[in-house]
Visitor: 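Got a structure for you, questions after.
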Amino acid sequence: ALIKGGTTPATAILIAAAKHGERVYVEDERGSLTYGEVHRRSNALARALADLGVGAGDGLAIMCRNHRGFVETNLAGWKLGANVILLNTMFSGPQLADVIEREGARVVVLDQEFEGLLADLPPGIELVCGYEDEPGTSGLTGLEDLITSAADDDLPWPEQQGRNVILTSGTTGTPKGAQRPAPSGLSVMVGILDRIPHFSGETMMMAAPLFHSWGYLNSIIGTSVGARLVLQRRFEPAQTMEMVDEYEADALVAVPVMLQRILELDEEVSAGFRAENLKIVTLSGSALPGGLATAWMDRYGDNIYNFYGSTEVAMGSIATPEDLRVDPATAGRPPYGTSVRLIDDQGREVSPGETGRIFI
């Protein structure tokens, strides 16, 4: 599979289904699905999307919150060799329309709550409902309809590998699409696992949104190590910690402001939070204030792993709990395979202690 398919999410789910097909993969408000079930369901979905015109190199846009529909659509896209476009649920209708048209999406899978935002798309773009607030209330074809309409046996490998298109924030205008092909080898995974000790069969509480590069990257890590992904559609601080305890989560995937909101809960609400199994709290997406890191670890143990990078360049550095105890404001160290240089205005590397621009 690695030789024929490369290090893509499509390869990861095929290998996971072969190794531990009966292990629970996705846990959301609609129940649980095993690795084998998701593999077969995404096979069927890929065939149904191909019937709608999605093939190798075509755009497949996803505008969904954290639930099984997001995971299955992403896997189906990679199985077809499509370019999977991750749409930010906070964007405006005109921003979304611009991105969808510019990136060449043939099909958009979206939750029912976003249907109004995308009512003015150009003709010829197919809309599919990824999540209905109440079953039967959307006027669109649903993912479940597509999955049940097609065969679920394995597909041939696509003619070309797909890629992800992860959008920049759009704070300075129309969001830009950062093209992220699959890594050419396992060095990215090795670099992360060298610093953040994920392990096979762990349970990951996915509080960060999957459309964001941080939540998305961790969902792929989880798939690759055979983890159980517990998906929370909307972040609610008390509910997140209740789910950490209910599912005995080993890892929590979040952004720093989420920890801030958890720590700000009333004592009577948070007094019962145990987080006894929580070995990894992995963060990215914004700067981590030193006081926040210390306050969290004093309350829930030394388990913060803070990842600095960007949508455009991926990994820059990772700070471990040991690093943060020495200096709570540190960005940590570059992981294996990442090169970081500080360069001055003349393009020369600066001396230790001096300031420069960061090149990764």
Side-chain angles (χ1 to χ4, degrees), residues 8-43 45 62 64-79 84 86 89 109 111 130-131 143 147 164 166 189 192-193 196-236 239-255 258 275 277-285 303 305 307:
T8 72
T11 304
I13 187 63
L14 188 151
I15 292 173
K19 289 177 65 179
H20 30 249
E22 299 307 310
R23 185 182 289 177
V24 172
Y25 174 30
V26 171
E27 196 94 50
D28 64 10
E29 61 194 75
R30 300 208 161 151
S32 61
L33 292 169
T34 66
Y35 274 91
E37 288 172 326
V38 171
H39 178 49
R40 292 187 293 273
R41 285 167 58 88
S42 57
N43 284 343
L45 180 56
I62 306 176
C64 296
R65 298 193 185 276
N66 290 10
H67 55 77
R68 63 184 62 188
F70 187 113
V71 174
E72 292 173 335
T73 303
N74 178 63
L75 293 173
W78 280 95
K79 288 179 178 183
V84 181
L86 307 183
T89 59
V109 177
D111 289 350
Y131 181 94
L143 280 183
I147 290 169
N164 276 123
I166 299 177
M189 189 69 67
I192 292 173
L193 297 181
I196 306 176
H198 291 288
F199 60 93
S200 180
E202 71 181 6
T203 295
M204 298 175 70
M205 178 68 216
M206 304 294 297
L210 294 178
F211 69 75
H212 187 275
S213 54
W214 183 235
Y216 181 80
L217 172 63
N218 278 277
S219 73
I220 303 305
I221 293 170
T223 306
S224 301
V225 301
R228 174 173 62 161
L229 306 183
V230 180
L231 304 181
Q232 182 183 29
R233 274 204 316 131
R234 297 172 184 270
F235 171 71
E236 296 290 345
Q239 183 192 51
T240 295
M241 294 305 291
E242 289 165 2
M243 293 171 74
V244 164
D245 286 339
E246 177 185 354
Y247 293 101
E248 299 181 334
D250 303 288
L252 169 63
V253 180
V255 296
M258 292 178 173
N277 281 5
L278 204 54
K279 306 170 187 68
I280 301 169
V281 178
T282 184
L283 304 173
S284 190
N303 52 21
Y305 294 81
F307 179 110

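Computed from a prediction, not measured in an experiment: that's the story for all the values here.
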Visitor: Could you tell me whether the side chain of Asn74 reaches within less than 4.5 Å of the side chain of Pro9, counting heavy atoms only?
Guide: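 When only atoms from C-beta onward are counted, Asn74 and Pro9 do touch, with a gap below 4.5 Å.
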
Visitor: Using only atom types and a distance under 3.5 Å, with no angle test, would you say the side chain of Ser224 pairs donor to acceptor with the backbone of Ala12?
Guide: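 It does not hold such a pair.
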
Visitor: Identify the heavy atoms of Val109 and Cys64 that sit nearest to each other, and give their distance.
Guide: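 Taking Val109 first and Cys64 second, the nearest heavy atoms are O-SG, 3.7 Å.
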
Visitor: Which atom pair, heavy atoms only, marks the closest approach of Ala208 to Ala254?
Guide: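 Scanning both residues, the minimum pair turns out to be CB-CA, 4.1 Å.
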
Visitor: Taking all non-hydrogen atoms of both residues, which atom of His212 and which atom of Gly285 are closest, and how far apart?
Guide: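 That would be CE1-CA, 4.1 Å.
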
Visitor: Is it the case that Thr240 and Gln232 place a side-chain donor and acceptor less than 3.5 Å from each other?
Guide: yes

Visitor: Got a salt bridge between Arg65 and Asp111, using NZ or NE/NH1/NH2 to carboxylate O under 4.0 Å?
Guide: no

Visitor: About how many Å separate CZ of Phe70 and CD1 of Ile62, when rounded to the nearest 0.5 Å?
Guide: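 One finds 5.0 Å between CD1 of Ile62 and CZ of Phe70.
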
Visitor: Go through Lys19 and Tyr35 one step at a time and tell me if the side-chain contact (heavy atoms from CB on, under 4.5 Å) criterion holds.
Guide: CA-CA 9 Å; Lys19 289 177 65 179; Tyr35 274 91; over 6 Å; no

Visitor: Would you compute the distance between atom CG of Leu86 and atom CG of Asn164 and round it to the nearest 0.5 angstrom?
Guide: 5.0 Å

Visitor: Taking all non-hydrogen atoms of both residues into account, name the closest pair between Ala227 and Met204 and its distance.
Guide: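 Scanning both residues completely, I find the closest heavy atoms to be CB-SD, 3.8 Å.
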
Visitor: Kindly say whether Tyr247 contributes a backbone atom to a donor-acceptor pair with the side chain of Arg228 at under 3.5 angstrom?
Guide: yes

Visitor: To the nearest 0.5 Å, what is the distance between NE2 on His67 and CD on Glu72?
Guide: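 Here the rounded value is 10.0 Å.
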
Visitor: For Val225, does its backbone N or O pair with a side-chain atom of Ser200 as donor and acceptor, under 3.5 Å?
Guide: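 Yes; at least one donor-acceptor contact below 3.5 Å.
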
Visitor: Closest heavy-atom contact between Ser42 and Leu75?
Guide: CB-CB, 3.9 Å

Visitor: Carefully, step by step, assess Val71 and Leu33 under the rule side-chain contact (heavy atoms from CB on, under 4.5 Å).
Guide: CA-CA 11 Å; Val71 174; Leu33 292 169; over 6 Å; no

Visitor: Out of curiosity, Ile220 CD1 to Trp78 CH2, how far, rounded to the nearest 0.5 Å?
Guide: 8.0 Å

Visitor: Would the distance check show the side chain of Asp28 and the main-chain N or O of Arg68 forming a donor-acceptor pair, the cut-off being under 3.5 Å?
Guide: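 Present.
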
Visitor: Locate the shortest heavy-atom distance separating Ser32 from Glu27; write the atom from each residue and the value.
Guide: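 Ser32 and Glu27 have their closest heavy atoms at CB-OE2, 3.3 Å.
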
Visitor: Keeping the roles fixed (side chain from Asn218, backbone from Val253), state whether a donor-acceptor pair exists under 3.5 Å.
Guide: no

Visitor: Over 60° means perpendicular and under 30° means parallel, so classify the ring planes of Trp214 and Phe307, tilted if in between.
Guide: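 Tilted.
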
Visitor: Just verifying a value: how many Å separate Met243 CE and Leu252 CG, rounded to the nearest 0.5 Å?
Guide: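 The CG atom of Leu252 is 11.0 Å from CE of Met243, to the nearest 0.5 Å.
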
Visitor: Can Leu229 and Ser219 be said to form a side-chain contact (heavy atoms from CB on, under 4.5 Å), step by step?
Guide: CA-CA 7 Å; Leu229 306 183; Ser219 73; 4.2 Å; yes

Visitor: Is there a donor-acceptor pair under 3.5 Å between the side chain of Asp250 and the backbone N or O of Thr203?
Guide: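 Answer holds: yes.
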
Visitor: What distance do Met258 atom CE and Glu236 atom CD have between them, rounded to the nearest 0.5 Å?
Guide: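 Taking CE in Met258 and CD in Glu236, the distance rounds to 10.5 Å.
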
Visitor: Measuring only between side-chain heavy atoms, which start at C-beta, is Ile192 closer than 4.5 Å to Leu217?
Guide: yes

Visitor: Between Asn66 and Leu210, is there a donor-acceptor pair closer than 3.5 Å when you use the side chain of the first and the backbone of the second?
Guide: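 Such a contact is found between Asn66 side chain and Leu210 backbone.
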
Visitor: Tell me if a side-chain donor or acceptor on Lys279 pairs with a main-chain N or O of Asn277 at a distance below 3.5 Å.
Guide: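 Yes; judged by distance alone, with no hydrogens or angles, the pair exists.
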
Visitor: With the side chain counted from C-beta on, respond yes when Tyr25 and Glu37 share a heavy-atom pair under 4.5 Å apart, and no when they do not.
Guide: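 No, every pair of side-chain atoms sits at 4.5 Å or beyond.
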
Visitor: Verify side-chain contact (heavy atoms from CB on, under 4.5 Å) between Lys79 and His39, making sure each step is shown before the conclusion.
Guide: CA-CA 10 Å; Lys79 288 179 178 183; His39 178 49; 2.9 Å; yes

